[in-house]
**Student:** 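I'd like to ask some things about the structure below.
Numbers here are sequence positions counted from 1.
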Amino acid sequence: CQVVLDDESVGPSIQTVVTANAPFTGSFLPAFPLSGFDGENPNGNWTISVQDFFSSDTGVLRAFSVVVTSQATGDVTSAKTVAGDFAEGGTVTYTVTNANNGNSTVADNPGDEFTDVLPAGLSLVSASATSGTAVATIGTNTVTWNGSLAPASSVTLTITATVNAGTQNQVISNQGSVSFDSDIDGTNDASGLSDDPAVGGASDPTSLTVGNITPTVTIVQAVGQADPTTAQPVHFTATFSEVVTGFDQTDVVVSGAVGATTVVVTGAGPVYDVAVSGALGFGAITVSIPAGAAVDNTDTPNLASTSSDDTVTLAPVPTTTTTTLPRGLPATGSKGSGLPLGVGIAALLAGGGMVLASRRRLHHSN
């Protein structure tokens, strides 16, 4: 009555149910260890068979039950995602979630419970965690975390880094690693790698691809270019943010003075001289470069130009008129006629706005 069969039965006289004598009450070791069921799914139908070896008595099986006790376990998994600006100099953020899927608390045991060494294409900036202690060691690009996790709980780590120069078009991948106590004996005896949940399968690295750098261009008056000017061509300087190809006179848009449609582009690499001529009128000459005028070594087209001074004023050439006025006139008329000769002279003095007028009367006498 009230017989318990238990592999872990204890007492001063532990007996198997086979060797013990009636009455059978209390805990006994089974004839064959129940540990043979360890690791199996306990769900389903359990069957007990009863056999009585003595013909002179009888018995009744009234009820039986199975008590399943789970082994204390820790099972930590790690998921890691990345977001941000995947360009040189951009900031990226890793989000790491470590979860305890076991049935017991995994403690903060000796050693780090999580370690993540960022690859050379990134520079570690900081790390934080929702519980426990996260440490960012900038010099070694390493993040560590220490702490405990209760069953069905998790910790989230946030790791911030910048994308290093020279990584354009590179794929940067890495994984963090977790260490945990799988049998809850005070020692981290198991480990695993982080997994990117966006990738099918388990233990996938978390990757990002550094994007192309989009070339930019500025265009301004060339050094030494007079403004306003009466001379053509008018010179501008176009400077791209990196070496580009495919840029020529057909990529320059000229507006302003009538007829200024002749463009000559010289130079190479990121800096070009843009010479504009052929203007038939006077006024502003403005230049610009549209998006897609050139491409870099990854065939990435440029953005439209920006400028702080993309206009030069073309002015007319000033003219100067010189007039020589006579100081006197010869006498006319008949001898002794005494007819007067009148001469009127007027001159406008440039810049002074003053009119000089004189009238001279000349006489001729015998």
**Student:** Extract all donor-acceptor atom pairs below 3.5 Å that involve side chains of residues 117-137 and protein atoms in other chains or at least two apart in sequence.
**Tutor:**
unit_1: Ser123; atom_1: OG; unit_2: Asn164; atom_2: OD1; d: 2.6
unit_1: Thr130; atom_1: OG1; unit_2: Thr156; atom_2: N; d: 3.0

**Student:** Can you tell me if Gln232 uses its side chain to pair, donor with acceptor, with the backbone of Gly278 under 3.5 Å?
**Tutor:** yes
**Student:** How about Ser153 and Asn100: does a side-chain donor come under 3.5 Å of a side-chain acceptor?
**Tutor:** no
**Student:** Look at the side-chain heavy atoms of Ile, Leu, Val, Met, Phe, Trp and Tyr, link any pair under 4.5 Å apart, and say whether Val66 and Val50 land in one connected group.
**Tutor:** yes
**Student:** Check whether any side-chain heavy atom of Phe86 lies under 4.5 Å from a side-chain heavy atom of Ile172, and answer yes or no.
**Tutor:** no
**Student:** Can you tell me if Asp85 uses its side chain to pair, donor with acceptor, with the backbone of Thr91 under 3.5 Å?
**Tutor:** no
**Student:** Hey, any chance Ile213 and Val244 share a hydrophobic cluster, counting ILVMFWY side chains that come within less than 4.5 Å of each other, even indirectly?
**Tutor:** no
**Student:** Measure across Leu5 and Pro30 and return the closest heavy-atom pair with its distance rounded to 0.1 Å.
**Tutor:** CB-CB, 4.2 Å
**Student:** Looking at Val155, Val106, Asn188, which hits side chain to side chain contact (heavy atoms under 4.5 Å, CB included) with Val76?
**Tutor:** Val106
**Student:** Looking only at heavy atoms, what is the nearest atom pair of Phe180 and Gly74, with distance?
**Tutor:** CE1-O, 3.3 Å
**Student:** Closer than 3.5 angstrom, by distance alone: can the side chain of Thr229 be matched with the main-chain N or O of Ala231 as a donor-acceptor pair?
**Tutor:** yes
**Student:** Please give me the minimum heavy-atom distance between Thr167 and Glu88, naming the atom from each residue.
**Tutor:** N-OE2, 3.2 Å
**Student:** Can you tell if the side chain of Thr216 reaches within under 4.5 Å of the side chain of Thr306, non-hydrogen atoms only?
**Tutor:** no
**Student:** Would you say the side-chain atoms of Asp248 and Thr250 include a donor-acceptor pair closer than 3.5 Å?
**Tutor:** yes
**Student:** For Asp309, is there any backbone N or O sitting under 3.5 Å from a side-chain donor or acceptor partner on Gln221?
**Tutor:** no
**Student:** Distance check, rounded to the nearest 0.5 Å: Leu61 atom CG versus Ile48 atom CD1?
**Tutor:** 6.0 Å
**Student:** Can you find a heavy atom in the side chain of Val276 that is under 4.5 Å from one in the side chain of Pro233?
**Tutor:** no
**Student:** Looking at Phe64, I want to see if its CZ is surrounded by more than 12 non-hydrogen atoms of other residues, nucleotides or ligands under 6.0 Å.
**Tutor:** yes
**Student:** Do Leu303 and Val217 have side-chain heavy atoms sitting under 4.5 Å apart?
**Tutor:** no
**Student:** As a quick check of understanding, evaluate side chain to side chain contact (heavy atoms under 4.5 Å, CB included) for Asp112 and Ser179, giving each step before the final call.
**Tutor:** CA-CA 7 Å; Asp112 299 320; Ser179 296; over 6 Å; no
**Student:** Within the supplied structure, the quantity of interest is the number of heavy atoms (other residues, nucleotides, ligands) at a distance under 6.0 Å from Asn41 CG; does it exceed 12?
**Tutor:** yes
**Student:** Has the side chain of Gln170 got a donor or acceptor atom that lies under 3.5 Å from a matching backbone atom of Val210?
**Tutor:** no
**Student:** Is a side-chain N or O of Asn302 found less than 3.5 angstrom from the main chain of Ala294, in a donor-acceptor match?
**Tutor:** yes
**Student:** Find out if a path of hydrophobic residues (ILVMFWY) with successive side-chain heavy-atom gaps under 4.5 Å connects Val271 to Val295.
**Tutor:** no
**Student:** So does Glu40 have more than 12 non-hydrogen atoms from other groups sitting under 6.0 Å from CD?
**Tutor:** yes
**Student:** Indicate yes or no for a side-chain donor-acceptor contact from Glu242 to the backbone of Asp296 under 3.5 Å, with no hydrogens or angles considered.
**Tutor:** no
**Student:** Please evaluate residues Ile285 and Val254 with respect to the criterion side chain to side chain contact (heavy atoms under 4.5 Å, CB included), reporting the C-alpha separation (whole Å), side-chain torsions for both, the decisive distance (0.1 Å), and the verdict.
**Tutor:** CA-CA 7 Å; Ile285 296 177; Val254 181; 4.1 Å; yes
**Student:** Is the shortest side-chain heavy-atom distance between Phe236 and Val234 below 4.5 Å?
**Tutor:** yes
**Student:** Measure from the side-chain N and O atoms of Asp181 to the backbone N and O of Gly186, and report whether any donor-acceptor pair falls under 3.5 Å.
**Tutor:** yes
**Student:** Compare every heavy atom of Lys80 with every heavy atom of Pro197, then report the nearest pair and how far apart it is.
**Tutor:** CD-O, 3.7 Å
**Student:** How far apart are the C-alpha atoms of Phe282 and Thr313, what are their side-chain angles, what is the distance that settles it, and do they pass the side chain to side chain contact (heavy atoms under 4.5 Å, CB included) test?
**Tutor:** CA-CA 8 Å; Phe282 304 109; Thr313 300; over 6 Å; no
**Student:** Report yes or no: do Thr286 and Thr311 form a side-chain donor-acceptor pair below 3.5 Å?
**Tutor:** yes
**Student:** Please check if Val264 and Phe240 belong to a single hydrophobic cluster, counting links between Ile, Leu, Val, Met, Phe, Trp and Tyr side chain heavy atoms closer than 4.5 Å.
**Tutor:** no
**Student:** CG/Asp196 to OG/Ser78 distance, rounded to the nearest 0.5 angstrom?
**Tutor:** 11.0 Å
**Student:** Could you state the interatomic distance from OG1 (Thr209) to CG (Asn169), rounded to the nearest 0.5 Å?
**Tutor:** 8.5 Å
**Student:** With a 4.5 Å limit on heavy-atom distance, are the side chains of Ile159 and Trp145 in contact?
**Tutor:** no
**Student:** How about Val178 and Ser191: do any of their side-chain heavy atoms sit closer than 4.5 Å?
**Tutor:** no
**Student:** Can any side-chain N or O of Asp195 pair as donor or acceptor with the backbone N or O of Asp204 at less than 3.5 Å?
**Tutor:** yes
**Student:** Can you confirm whether Gln71 is buried at CD, in the sense that more than 12 heavy atoms of other residues, nucleotides or ligands lie under 6.0 Å from that atom?
**Tutor:** no
**Student:** Kindly give the heavy-atom pair with the smallest separation between Ile289 and Ala238, and that separation in Å.
**Tutor:** CD1-CB, 3.7 Å
**Student:** Quiz question: by atom type and distance under 3.5 Å, do the side chains of Ser173 and Ser207 form a donor-acceptor pair?
**Tutor:** yes
**Student:** Can you confirm whether Tyr94 sits close enough to Asn174 that some side-chain heavy atom of one is under 4.5 Å from a side-chain heavy atom of the other?
**Tutor:** yes
**Student:** If you round to the nearest 0.5 Å, how far is CG of Asp310 from OG of Ser255?
**Tutor:** 8.0 Å
**Student:** Identify the two heavy atoms, one from Asn146 and one from Gly111, that lie closest to each other, and give their separation to 0.1 Å.
**Tutor:** OD1-O, 2.9 Å
**Student:** Where the side chain of Ser307 meets the backbone of Ile219, is there a donor-acceptor pair that is under 3.5 Å apart?
**Tutor:** yes
